[in-house]
Amino acid sequence: MKKKRFRFQWGAFLLLIFYGGLFFLLFTRMVTIQATGQVEGQELAAKAAAKYGKESVITANRGKIYDRNGQVIAEDTLSYRLVAIVNEEATIDAKNPRHVVDAEKTAEVLAKYIPAMKKEDILERLNNRYRSDGEPLYQVEFGSAGRDISYEVMTKIKEEKLPGILFVNDLKRYYPNGVFASHLIGYALKKDNGDGTVTTKGEMGLEYTYNKELTGVNGKVKYETDAFSYLLPNSEKMITPAKDGNDIYLTLDKTIQSFLEEAMTKVEKEYSPEGMTAVVADAKTGKILAMSQRPTFNPETRDSQNMKWLNEVIEETIEPGSTMKTFTLASAIDTDTWPPNATYASGRYRVLDRDIRDHNNGRGWGTITYLEGFQRSSNTAMAHLLKIIGEDVFYDYLDRFGFGQKTGIDLPNEATGTLLSKYPIQRVTTTYGQGSTVTPIQLVQAMTAIANDGKMMQPYVIDQIVDSSTGKVIQNHKPVEKGQPIKADTAKQVREILASTLTSEYGTAKDFILEDYEVAGKTGTAQIPKASGGYLSNQYLYSFLGLAPVDDPQLIVYVSVKKPQLKQGEQGSVPVSKVFKPVMLNSLKHLNINPDDVQHVDHVGIQDYTGRNADAIQVELANDGLQPVIVGGGGQIIDQYPKDVQKLVKGSFVFLKTDGDTTLPDFTNWSLRNLLVFKAMAGIDIEVFGEGFVASQSVSAGTIITDSSPIVVKLKTPAESFIQDVEASSEGEEIPEEELEQIEDENNAE
C-alpha cells in the first residue's frame with residue numbers, strides 16, 4: 001500500500017493564524033474590560049447606571065404659616081402635573097398604546113383644559129420628541145401651564161382617555177383664607193430651575209423674607225430599570241428622605257384678622273377710597289394681631305388694580321395729622337408744662353411770615369382752655385404748647401417715642417420717616433402732624449407707651465419658627481421693651497384726656513364711642529402732599545389711633561382712609577369709624593375682655609368630681625350657674641374637664657366623662673374650643689367646618705352615638721357669631737395642645 005504523503009496547506013495555516021489572533025485579541029479585550037471596568041477610558045458601570053439607573057425626586061413640603069392659635073394661613077396642598085409620554089418604545093401592545101399616538105387630537109383636547117396654552121403650542125411640544133443631542137425624549141411637560149392642575153380638571157382630562165397622557169402628584173402653595181393680610185403674608189410661586197426641576201419660591205411678604213426657612217430640601221429615590229423603564233426585580237433602592245421646610249407661627253390672630261378684612265372690605269365698597277391701612281396690636285406685648293391695606297389682592301390669583309406691591313404699614317411714610325398731637329400732649333404732661341385750665345386765643349398763630357390756622361378755616365373758638373383746645377383738635381393749641389415745652393425738649397421726646405427711626409419690627413424694608421426741624425414753621429407743624437412723616441407702625445409702637453403705663457413695646461409679627469420634622473423651636477421671639485419715654489402717671493393722664501375727645505361736648509372723636517367699652521384715641525386729618533411740593537386741595541388722609549379699655553388697655557387699633565368719597569355733609573371720621581368700631585368691639589369680645597360696665601365677674605368654684613354620680617353633680621353645677629355636659633351614658637364620673645379645684649366664670653362649660661355610649665348634645669352656639677374638648681373626651685369622629693361658633697350639626701341632638709360614622713359640624717364666621725351676641729363665657733383661654741392630646745390618650749386608654 002502506498003503511503004499517503006503529507007502536504008502542507010498554507011491557506012489553512014494562514015486562516016488558523018488569522019482567526020486565532022482575532023480570538024486572542026477578543027479574549028484579551030474581555031479580560032481587560034472585566035478587570036478594569038473601562039472602555040476607552042469610560043466607566044462601563046457609570047454608562048450602565050446612566051442608561052438603566054433612574055432617579056425619582058421626593059418633593060419636600062414648603063413650611064406652613066400659622067396664626068398664633070395654629071390656624072393655617074399658608075400651606076402646600078395636592079395638585080397635579082401634566083406629563084405626555086412621547087417615546088414609542090413605551091408601548092408594548094399596539095392595542096393599548098402608552099404613548100401619544102395622535103398628537104393633533106391630543107393637542108386639541110388639552111387646549112380645552114389648559115387655557116394658558118394654545119393648541120399650536122401644545123402640538124409643538126408633543127412633536128418635539130428629541131433632545132438637542134439627538135437622543136429620543138421619553139416624555140414632555142408643559143411648563144407652568146401644565147402645573148397646579150386641580151383635581152376637577154385632572155378628572156375631566158382623564159375622562160377623555162388620551163393615550164400617553166399621565167398625571168403626577170404635585171404640590172401647590174395654597175392660601176385658604178383668600179384676601180387675608182395679603183401684603184404681609186405675600187405669596188410663593190413655582191420657579192423653573194432650568195435643569196428640569198421646579199422649586200417654590202417666595203415672591204413677596206413673609207413668603208419672600210423667610211423663603212430660606214420655609215423651603216425644604218427634596219429627597220430622592222435611586223433604582224434600576226430595564227430598557228423599557230420597568231423596575232428590575234431584586235434591584236436595590238436607595239432612598240434619601242425629603243426634609244420639609246420649617247413652619248412659621250405668627251402673632252396674627254385669624255379671627256381678629258377676619259374682623260379687620262371684613263370691615264375694610266365694607267368701607268372700601270361704600271366709600272371707594274384711594275387707599276386704606278389698618279393695624280391691630282396687643283398693647284401689652286407689641287404683638288401684631290392683624291394688619292391689612294386696600295387695595296389688596298388674593299394670593300391665589302394675584303389679581304389687583306391700582307395696588308402698591310409693598311406693605312404700606314411698614315414701608316410707606318405718611319404725614320400723620322392730628323394723631324401726632326397725642327405725643328405732643330404726652331411731652332407736655334411728662335415735663336410738667338401741660339396747663340389744662342390755662343387759656344389761649346384760638347384761630348390763628350403767627351410764625352414769622354406764616355399763619356398757623358385751626359381746622360375751621362382759622363375762625364377758632366375764641367379764648368379757650370388748652371384742654372378744650374385739645375378736645376377740639378386745635379392746631380394753634382399745639383403751637384402755643386410748643387413754646388411752653390421747648391423745641392429741643394419736644395424733639396427729644398419724639399426721639400424717645402421712636403419717630404424718625406426704625407421700630408425694628410421683624411419685617412424687611414422698614415421706612416424711617418423724616419422729622420423736619422430746620423425751619424421754625426416745620427417745628428410748629430410737626431406738633432400737629434403736618435410736614436414731618438412717620439410710618440403707621442411707628443404710631444402703633446409709640447402708642448404702646450401710652451397704653452402700657454409708659455413702657456414702649458417693639459412691634460413684631462413672628463412668634464416662633466419651628467422645625468416641622470422634630471417640633472424643635474428654632475427661633476422664639478419674645479416681647480421687647482424699647483424703653484420708657486414717659487412716666488406711668490403721664491400715660492394715665494394722656495389716656496384720660498384722649499378718652500375725653502370721645503365724651504366731651506367739644507370732642508372730635510364722638511364717632512368712635514363703643515357702647516360696652518371706654519375708648520381713648522385721637523382723630524387725624526392730614527392734607528395730602530403733592531409730589532412737586534405743597535398740598536392737594538380738599539384731599540385728606542383721615543385716621544384714628546385708639547386704644548381700649550381705657551383703665552387697662554388691651555388693644556391698639558390704627559386705621560387710615562385716604563380720599564374717601566364722602567356722602568353729603570359727612571365727616572371724614574365716619575368711614576374710619578366704620579372700620580375701627582366693629583374691629584375693636586369684636587376683638588375685645590373675642591379676647592374675653594370684660595366690658596367696662598361690669599363691676600365684677602361672678603366666679604364659681606369646682607372640685608374633683610371623679611368617682612361621684614354624674615346626675616347629682618350635673619344638678620349641682622347647673623344650680624351654680626355653670627353648664628355641665630355629660631359625656632357617655634351617665635353614672636359614675638371617671639374624668640372631667642376642667643380638672644382639679646379651680647374657679648370658673650358663670651356660664652362656663654364643665655365636661656363630665658362617664659362610661660357607656662354618648663348622647664349627642666345640641667352644639668348650637670358652642671365655641672370651637674368646647675367642641676374640641678367634647679370630641680376628645682367622647683372619642684367620636686367630628687368633622688369641623690368653618691370658624692367661630694356652631695351653626696348646625698349633621699346628627700340631631702339626643703342621638704345616641706354607637707358607630708364611627710363622622711358627624712359634620714358647621715361653624716359661623718366669627719363676625720356673624722359676635723354680631724349675634726354669642727355669650728362670651730363660651731370662649732375661654734385656648735387649651736394647650738398637649739392637654740387635648742392627654743384627653744384623647746386617656747379616652748383611648750379607656
Notebook entry, point to check: Counting N and O atoms only, with roles assigned by atom type, does the side chain of Asn218 sit under 3.5 Å from a partner on the main chain of Ala60, one being a donor and the other an acceptor?
Noted result: yes

Next item on the list: Decide yes or no on salt bridge (charged side-chain N to carboxylate O under 4.0 Å, His left out) for Asp253 and Arg68, but give the supporting numbers first.
Entry: CA-CA 6 Å; Asp253 187 303; Arg68 65 177 188 162; 3.2 Å; yes

Check: Are Leu566 and Tyr271 close enough, and set up right, to give a side chain to side chain contact (heavy atoms under 4.5 Å, CB included), and what steps lead you there?
Finding: CA-CA 6 Å; Leu566 299 172; Tyr271 291 95; 4.3 Å; yes

Checklist line | Thr200, Asn211, Thr199 screened by side chain to side chain donor-acceptor pair (under 3.5 Å) with Arg62, the one that passes | finding: Asn211

Next item on the list: Please name the pair of heavy atoms, one in Met264 and one in Ala278, separated by the smallest distance, quoted to 0.1 Å.
Entry: SD-CB, 3.8 Å

Item checked: Distance (rounded to the nearest 0.5 Å) between Ile556 CD1 and Ile288 CD1 -> 9.0 Å

Item checked: Main-chain N/O of Thr416 paired with Gln442 side-chain donor or acceptor, under 3.5 Å -> yes

Next item on the list: May I ask you to say whether Glu124 pairs ionically with Lys119, meaning some side-chain N is under 4.0 Å from a carboxylate O?
Entry: no

Item checked: Backbone of Pro582 reached by a side-chain donor or acceptor of Asn586 within 3.5 Å -> yes

Checklist line | Check: Val86 and Gln139 side chains under 4.5 Å, non-hydrogen atoms | finding: no

Note to self: Please check this pair: side chain of Ser577 against backbone of Val574, looking for a donor-acceptor N/O pair closer than 3.5 Å.
What the structure shows: yes

Next item on the list: Run the numbers on Asn413 and Ile314 for side chain to side chain contact (heavy atoms under 4.5 Å, CB included), then give the verdict.
Entry: CA-CA 7 Å; Asn413 306 321; Ile314 310 297; over 6 Å; no

Check: Should we count NZ of Lys472 as having more than 12 external heavy atoms under 6.0 Å?
Finding: no

Item checked: Distance, nearest 0.5 Å, that separates CD of Glu687 from NZ of Lys714 -> 11.5 Å

Check: Does a side-chain heavy-atom distance below 4.5 Å link Ile165 with Leu110?
Finding: yes

Margin query: Quick check for you: to the nearest 0.5 Å, what is the distance between Leu250 atom CG and Leu289 atom CG?
Written below: 11.5 Å

Notebook entry, point to check: How about Asp410 and His477: does a side-chain donor come under 3.5 Å of a side-chain acceptor?
Noted result: yes

Next item on the list: Verify, without hydrogens or angle tests, whether Asp247 (side chain) and Lys64 (backbone) share a donor-acceptor contact under 3.5 angstrom.
Entry: yes

Item checked: Basic-acidic side-chain contact under 4.0 Å: Asp467, Lys243 -> yes

Check: Relative to the ring of Tyr540, is the ring of Tyr542 parallel (under 30°), tilted (30 to 60°) or perpendicular (over 60°)?
Finding: tilted

Next item on the list: Give a yes or no on whether a salt bridge exists between Glu268 and Arg294, defined as a side-chain N under 4.0 angstrom from a carboxylate O.
Entry: yes

Check: On the ring face of Tyr187, is Arg302 found with NZ or CZ under 6.0 Å from the centre and within 45° of the axis?
Finding: yes

Next item on the list: Kindly indicate whether the side chain of Phe180, heavy atoms from C-beta on, has any atom under 4.5 Å from the side chain of Ser258.
Entry: yes

Margin query: I need the Ile462 CD1 to Tyr249 OH distance, nearest 0.5 Å.
Written below: 13.0 Å

Next item on the list: Taking all heavy atoms of Ile684 and all of Lys679, pick out the closest pair and write down the distance.
Entry: O-CG, 3.6 Å

Next item on the list: Would you give the length of the straight line joining atom CG of Leu184 to atom OG of Ser182, rounded to the nearest 0.5 angstrom?
Entry: 9.5 Å

Notebook entry, point to check: Does the side chain to side chain contact (heavy atoms under 4.5 Å, CB included) test come out yes or no for Asp685 and Ile711, once each step is laid out?
Noted result: CA-CA 6 Å; Asp685 188 2; Ile711 299 164; over 6 Å; no

Notebook entry, point to check: Val267 and Lys578: which non-hydrogen atoms are nearest, and at how many Å?
Noted result: CG2-CB, 3.7 Å

Margin query: Would you say that Glu104 contacts Leu123 through its side chain, given a criterion of any heavy-atom pair below 4.5 Å between the two side chains?
Written below: yes

Notebook entry, point to check: Judged by modelled atom types alone, do Thr407 and Glu414 share a side-chain donor-acceptor pair under 3.5 Å?
Noted result: yes

Next item on the list: Please name all residues satisfying side chain to side chain contact (heavy atoms under 4.5 Å, CB included) with Gln554, sequence neighbours left out, ordered by chain then number.
Entry: Lys284, Pro549, Asp552, Leu588, Ile593

Check: Parallel, tilted or perpendicular: which fits the ring planes of Trp309 and His183, with parallel below 30° and perpendicular above 60°?
Finding: tilted

Item checked: Ion pair Arg173/Asp76, N-O distance below 4.0 Å -> yes

Margin query: Is there a side chain to side chain contact (heavy atoms under 4.5 Å, CB included) between Val466 and Tyr66? Walk through the geometry before answering.
Written below: CA-CA 11 Å; Val466 177; Tyr66 295 98; over 6 Å; no

Next item on the list: Provide the closest heavy-atom pair for Tyr174 versus Thr77 in the form atom of the first, atom of the second, distance.
Entry: CB-CG2, 3.4 Å

Notebook entry, point to check: Quick one: does Glu319's side chain have a donor or acceptor within less than 3.5 Å of a partner on Thr437's backbone?
Noted result: no

Check: Salt-bridged, Lys266 to Glu270, with N to O below 4.0 Å?
Finding: no

Next item on the list: Please tell me if the side chains of Leu252 and Val461 come closer than 4.5 Å, counting only heavy atoms from C-beta onward.
Entry: no

Note to self: For a quick check under 3.5 Å, do Thr317 and Thr439 share a side-chain donor-acceptor pair by atom type?
What the structure shows: no

Margin query: Would Lys201 and Tyr208 count as a cation-pi pair here, with the cationic atom under 6.0 angstrom from the ring centre and within 45° of the axis?
Written below: no

Margin query: Does any part of the side chain of Lys269, heavy atoms only, come nearer than 4.5 Å to the side chain of Thr265, both counted from C-beta?
Written below: yes

Note to self: For the CG atom of Asp282 and the OG1 atom of Thr251, what is their distance to the nearest 0.5 Å?
What the structure shows: 9.0 Å

Check: Is the distance between the ring centroids of Phe544 and Tyr558 under 6.0 Å?
Finding: no

Notebook entry, point to check: Between Glu160, Glu159, Glu152, which is the residue that forms a salt bridge (charged side-chain N to carboxylate O under 4.0 Å, His left out) with Lys156?
Noted result: Glu152

Item checked: Single hit among Gln539, Gln565, Lys563 for side chain to side chain donor-acceptor pair (under 3.5 Å) with Glu274 -> Lys563

Margin query: Quick check: do Leu214 and Lys212 have side-chain heavy atoms less than 4.5 Å from each other?
Written below: no

Checklist line | Closest approach of Ala107 to Leu126 (non-hydrogen atoms, all atoms of both residues) | finding: N-CD1, 4.0 Å

Next item on the list: Please name the pair of heavy atoms, one in Glu316 and one in Leu310, separated by the smallest distance, quoted to 0.1 Å.
Entry: CB-CD1, 4.3 Å

Margin query: Applying the side chain to side chain donor-acceptor pair (under 3.5 Å) criterion to Asn177, which one of Lys254, Gln71, Glu300, Glu261 satisfies it?
Written below: Lys254

Margin query: Quick one, Glu207 and Tyr175 - any side-chain contact, counting heavy atoms below 4.5 Å?
Written below: yes

Margin query: Testing the 3.5 Å rule here: is there a donor-acceptor pair between the side chains of Asp511 and Ser573?
Written below: yes

